[in-house]
Amino acid sequence: MPHARFRLSVLSVAVLLLAVGQAHAQGAAAPAAAASEPETQQVVISADASAGGLKAPYAGGQVARGGRVGLLGSQDIMSTPLTITNYTAKLIQDQQAASLADVLQNDPAVRVTRGFGNFQQAYMVRGLVVYSDDISYNGLYGLLPRQYLAAQLVERVEVLRGASAFLNGAAPGGSGLGGAVNVMPKRAGNAPQAEITVGVDAGQLSQAIDVGHRWGAHKELGLRANVVHSEGDTAVKGERDKLDAALLGADWHLGGLRVSADIGTQDNDVKGATPNIDVFGGVPVAPRADKPFAQKWTYSHERDAFGTLRAEYDILPSVTAWAAGGFRDGKEDNQLEVPTIAAADASQSLYAAANARKDSITTGEIGLRGSFSTGPVKHTVVGSFGAYRAVSKNAFAFSNFGGVPAGTLYDTTFIPVPDETFYTGGSDLSHPLTTLRVVTRSEALADTLAFANDRVLLTVGARRQQIESTSFDYGTGALGTPASRDARITPVAGLVFKLNKQVSFYGTYIEGLVAGDVAPLTYFDSTFTARPVTNGGQAFKPYQTRQGEIGVKVDTGSYGGSVSVFQSRKANYGLNGATFEQLDTQRNRGAELSVYGEALPGVRVLGGASFLDAKLTGKQVIGSPKSQFNLGFDFDVPSVPGLALNVRGVHTARQFADLANTEVVPAWTRLDIGARYAMDVGAHEVTLRAGLNNVTNRSYWASAGGYPGQGYLTVGAPRSLMVSGTFAY
């Protein structure tokens with residue numbers, strides 16, 4: 001049980017750090033000793049080993065003043081020709097967010113959906129999917145657990161809206177054309193930290209330990225440990241989750257050398273979760289979200305171990321070199337159902353699918369950043385090389401796609417697992433064979449030119465990317481589709497004009513890049529008979545998306561925001577009869593508004609609006625609402641020191657579950673409320689929190705699709721009460 005042993009090791013470190021931190025705090029309480037000690041140097045905390053460290057929180061503490069912008073490094077929001085929002089650990093904790101999806105629900109341009117036929121969290125950004133496989137961790141792809149990430153492990157969630165192939169390289173999972181998400185890990189602060197949080201969400205009990213400490217005359221070495229456990233019934237009857245996660249982060253500073261590292265593990269076990277739903281003949285009224293719907297034999301179990309190492313060295317005051325690497329070993333197995341609902345009478349039929357998967361991923365990058373001047377123009381030049389390798393082993397077994405009757409959408413009949421011998425892949429679910437190998441390599445070069453005392457910033461650059469995707473036969477492991485080694489160059493050009501300290505205008509041209517599609521060997525006709533694809537196995541070349549964007553950003557110091565308009569295009573592939581080929585070009589055009597900060601003393605605001613016109617073959621793209629709105633307020637109660645209340649509204653316009661736009665998914669609005677109370681108990685701070693999501697217990701379809709061309713539906717979350725308490729040493 002390597003994962004269990006590792007969790008116990010990290011837990012031991014956490015308890016040890018907790019004891020050290022408590023002893024340090026008690027020692028610091030003696031005024032005479034404190035007065036006699038020399039003042040120590042304050043280290044700039046840096047998850048990514050950069051000299052500048054994390055950008056400071058903005059007024060109100062819910063978002064940061066900036067964040068990581070791919071190979072360009074950490075930048076202030078007003079100096080970036082892109083739309084980026086950086087959500088903080090304070091927001092995560094105050095909202096009692098359990099997963100990455102809970103954090104991203106704050107973004108007006110993002111909606112949470114599911115992977116195809118499973119419980120994997122996925123995110124629609126500007127009408128295009130971002131798989132959880134393609135979330136980056138401290139700038140590196142593929143290292144985080146594939147289906148779910150515990151939010152308690154996260155310091156920052158950085159959301160870039162739009163294409164990002166130049167900044168981060170092509171997402172190896174084949175998504176990320178509409179946006180990118182980067183997660184930053186926690187680091188020990190200059191002051192010792194020790195927190196224990198206990199919470200209850202419906203029938204789930206959770207515990208979390210967060211401990212950090214620094215050592216050395218100048219606080220050179222820091223350790224931060226996080227351990228999370230939750231288990232119990234969710235707000236959906238019959239659904240039960242168990243999560244164990246642990247992460248140990250370290251950083252070390254010595255002169256011009258900075259080193260940062262993480263090692264973590266997560267074990268997520270879900271039983272009886274509400275499945276995705278296929279519909280035909282129309283979209284039925286959404287069922288009660290808390291009503292048991294899933295078959296009792298469904299489950300999904302995912303285990304991951306991952307780690308990273310990143311270092312920077314200042315060769316000269318104006319020249320810095322860096323290197324980073326990481327790995328992930330993942331294992332998952334599941335037993336799923338895929339129900340189909342007929343809108344006429346809400347009758348339900350389902351087929352079963354058993355899956356097994358193993359992933360082994362290694363990735364890394366090296367780079368050099370330098371600054372110099374040519375006359376009145378300042379230059380910041382950066383170059384990098386990155387490589388990524390993923391080997392996936394898969395096996396599956398499906399029952400007959402014709403389905404087995406299982407009652408109706410509103411009154412499920414619970415049945416035994418159907419026979420899963422109709423369609424199989426892989427010789428053994430216990431020992432899946434290698435089915436896919438993805439290797440990417442890229443070189444990038446950019447120059448940011450600063451004119452007129454840094455009021456005008458011009459960024460130009462290009463990345464040359466090679467993507468090799470090789471498939472293997474499920475049954476024998478023999479080479480199936482040879483790797484395509486075509487390379488593509490993705491440029492960027494971005495301009496920022498700072499009218500003054502409060503207002504900046506920007507414009508950007510940037511591209512996305514994904515591996516070319518591979519034609520399937522077979523398809524199933526209306527009688528569920530396998531038919532050959534005429535060009536089965538053909539690997540298409542990688543293709544680019546092209547995006548233009550202009551906008552304006554405002555920063556008053558207390559509150560800020562942005563307004564932007566954009567347009568992007570991407571190729572769309574699929575079956576034309578029995579031939580797999582490019583069918584059309586998807587065009588996404590939209591406008592976005594974001595607001596954040598402390599609008600009034602003690603009143604924090606976070607939200608915005610997104611307007612999107614996503615068209616394919618003249619129709620609205622599946623799962624792409626024309627408008628989305630988020631607005632949240634968090635405010636102190638002046639008459640009760642320490643008490644704060646919050647409220648958030650989330651609205652999503654209607655969308656479609658099919659390309660013909662005949663399956664209409666109704667609009668929905670959700671209201672969430674909460675409160676927290678901070679007080680001192682002796683020398684310690686205690687914070688009590690309560691939150692009620694979906695106050696009206698609205699039943700709704702939260703999303704449509706999440707995989708290109710598929711319009712499956714996901715049921716929205718029911719009303720759920722969360723309470724927690726944090727005890728800080």
*asked:* Can you confirm whether or not the ring centre of Phe629 sits under 6.0 Å from the ring centre of Phe611?
replied: yes
Would Lys186 and Asp262 satisfy salt bridge (charged side-chain N to carboxylate O under 4.0 Å, His left out), going step by step from the backbone distance to the final call?
CA-CA 9 Å; Lys186 295 180 176 180; Asp262 299 275; over 6 Å; no
Output for pair (Arg303 CZ, Asp329 CG), nearest 0.5 Å, gives 12.5 Å
_Can you confirm if the NZ or CZ of Arg670 lies within 45° of the ring axis of Tyr700 and under 6.0 Å from the centre of its six-membered ring?_
no
Taking the side chain from Asn182 and the backbone from Gly139, do they hold a donor-acceptor pair closer than 3.5 Å?
yes
message = Can you confirm if the aromatic rings of Phe540 and Tyr543 lie within a centre distance of less than 6.0 Å?
response = no
(message) For the backbone of Gln105 and the side chain of Asn630, can you confirm whether one donor and one acceptor N or O come within less than 3.5 Å of each other?
(response) yes
In this structure, OG of Ser132 is separated from CG of Leu144 (nearest 0.5 Å) by 9.0 Å
Review point. Do other residues, nucleotides or ligands put more than 12 heavy atoms under 6.0 Å from the NZ atom of Lys55?
Key: yes
To the nearest 0.5 Å, atom CD of Gln547 lies from atom NZ of Lys570 at 14.0 Å
Rounded to the nearest 0.5 angstrom, the OH-CZ distance for Tyr523 and Phe580 is 14.0 Å
Closer than 3.5 angstrom, by distance alone: can the side chain of Asn276 be matched with the main-chain N or O of Gly115 as a donor-acceptor pair?
yes
Short question: side chain of His301, backbone of Asn334 - any donor-acceptor pair under 3.5 Å? no
Report task. May I ask you to decide if the ring planes of Tyr423 and Phe401 are parallel, tilted or perpendicular, using 30° and 60° as cut-offs? Result -> perpendicular
query = Are there more than 12 heavy atoms of other residues, nucleotides or ligands under 6.0 Å from atom NZ of Lys615?
reply = yes
Assess the residue pair Glu468 and Arg441 against the criterion (salt bridge (charged side-chain N to carboxylate O under 4.0 Å, His left out)); give the C-alpha distance rounded to whole Å, side-chain angles, the decisive distance to 0.1 Å, and a yes or no.
CA-CA 9 Å; Glu468 301 178 13; Arg441 302 178 184 87; 2.9 Å; yes
Taking the side chain from Lys553 and the backbone from Thr80, do they hold a donor-acceptor pair closer than 3.5 Å? yes
Nearest heavy-atom approach of Ala462 to Ile489 is CB-CG2, 4.0 Å
Distance col, row Leu713:CG vs Asp278:CG, nearest 0.5 angstrom, shows 8.0 Å
Item to complete: Report the C-alpha separation of Tyr712 and Tyr707 in whole Å, then their side-chain angles, then the decisive distance to 0.1 Å, and conclude whether the ring-ring contact (aromatic ring centres under 6.0 Å, His included) test is met.
Response: CA-CA 9 Å; Tyr712 50 87; Tyr707 186 84; 7.9 Å; no
Note to self: Donor-acceptor check, side chain of Arg463 to backbone of Leu167, threshold 3.5 angstrom: yes or no?
What the structure shows: yes
**Asked** Do Trp701 and Val283 pass the side chain to side chain contact (heavy atoms under 4.5 Å, CB included) test, and can you show the C-alpha distance, the side-chain angles, and the key distance before you say yes or no?
**Response** CA-CA 9 Å; Trp701 298 112; Val283 174; 3.5 Å; yes
Checklist entry - Is a side-chain donor or acceptor of Thr88 paired with a backbone partner of Gln62 at a separation under 3.5 angstrom? => result yes
Donor-acceptor contact present, side-chain Arg569 to main-chain Thr585, <3.5 Å: no
So CD of Gln544 and CG of Leu513: to nearest 0.5 Å the spacing works out to 6.0 Å
**Asked** Where do Arg488 and Gln465 land on the side chain to side chain donor-acceptor pair (under 3.5 Å) test, with the steps shown first?
**Response** CA-CA 5 Å; Arg488 289 288 184 271; Gln465 179 103 32; over 6 Å; no
Legend entry - Main-chain N/O of Glu663 paired with Asp658 side-chain donor or acceptor, under 3.5 Å: yes
Inset, instruction - With salt bridge (charged side-chain N to carboxylate O under 4.0 Å, His left out) as the test, would you mind laying out the steps for Asp304 and Arg328 before giving the verdict? - result: CA-CA 7 Å; Asp304 292 278; Arg328 177 173 70 87; 2.7 Å; yes
Check the surroundings of atom CZ in Arg546: do more than 12 heavy atoms from other residues, nucleotides or ligands lie under 6.0 Å from it? yes
Could you tell me whether Glu365 and Arg310 have a side-chain N and a carboxylate O separated by less than 4.0 Å?
-> yes
So ring-ring contact (aromatic ring centres under 6.0 Å, His included) across residues 122-171, not counting sequence neighbours, yields Tyr137-Phe306
Worksheet entry | Stepwise side chain to side chain contact (heavy atoms under 4.5 Å, CB included) test for Gln121 and Ser99 | CA-CA 9 Å; Gln121 291 184 343; Ser99 71; 3.2 Å; yes
Tightest non-hydrogen contact, residues Ser624 and Leu612, listed as CB-CD2, 4.1 Å
- Could you go through the side chain to side chain donor-acceptor pair (under 3.5 Å) check for Arg126 and Ser568 one step at a time? CA-CA 10 Å; Arg126 290 186 172 178; Ser568 65; over 6 Å; no
ask   = Taking it one step at a time, do Asn661 and Gln620 satisfy side chain to side chain donor-acceptor pair (under 3.5 Å)?
value = CA-CA 7 Å; Asn661 289 180; Gln620 191 170 328; over 6 Å; no
inquiry  = Could you check whether any side-chain N or O of Glu158 sits under 3.5 Å from a backbone N or O of Arg68, counting only pairs where one atom can act as donor and the other as acceptor?
reply    = yes
Does CZ in Arg587 sit with more than 12 non-hydrogen atoms of other residues, nucleotides or ligands closer than 6.0 Å?
yes
Going by heavy atoms in the side chains, are Leu143 and Thr308 under 4.5 Å from each other?
yes
Check your understanding: Run the side chain to side chain donor-acceptor pair (under 3.5 Å) check on Asp134 and Ser175 step by step: do they pass?
Key -> CA-CA 7 Å; Asp134 289 334; Ser175 69; 2.6 Å; yes
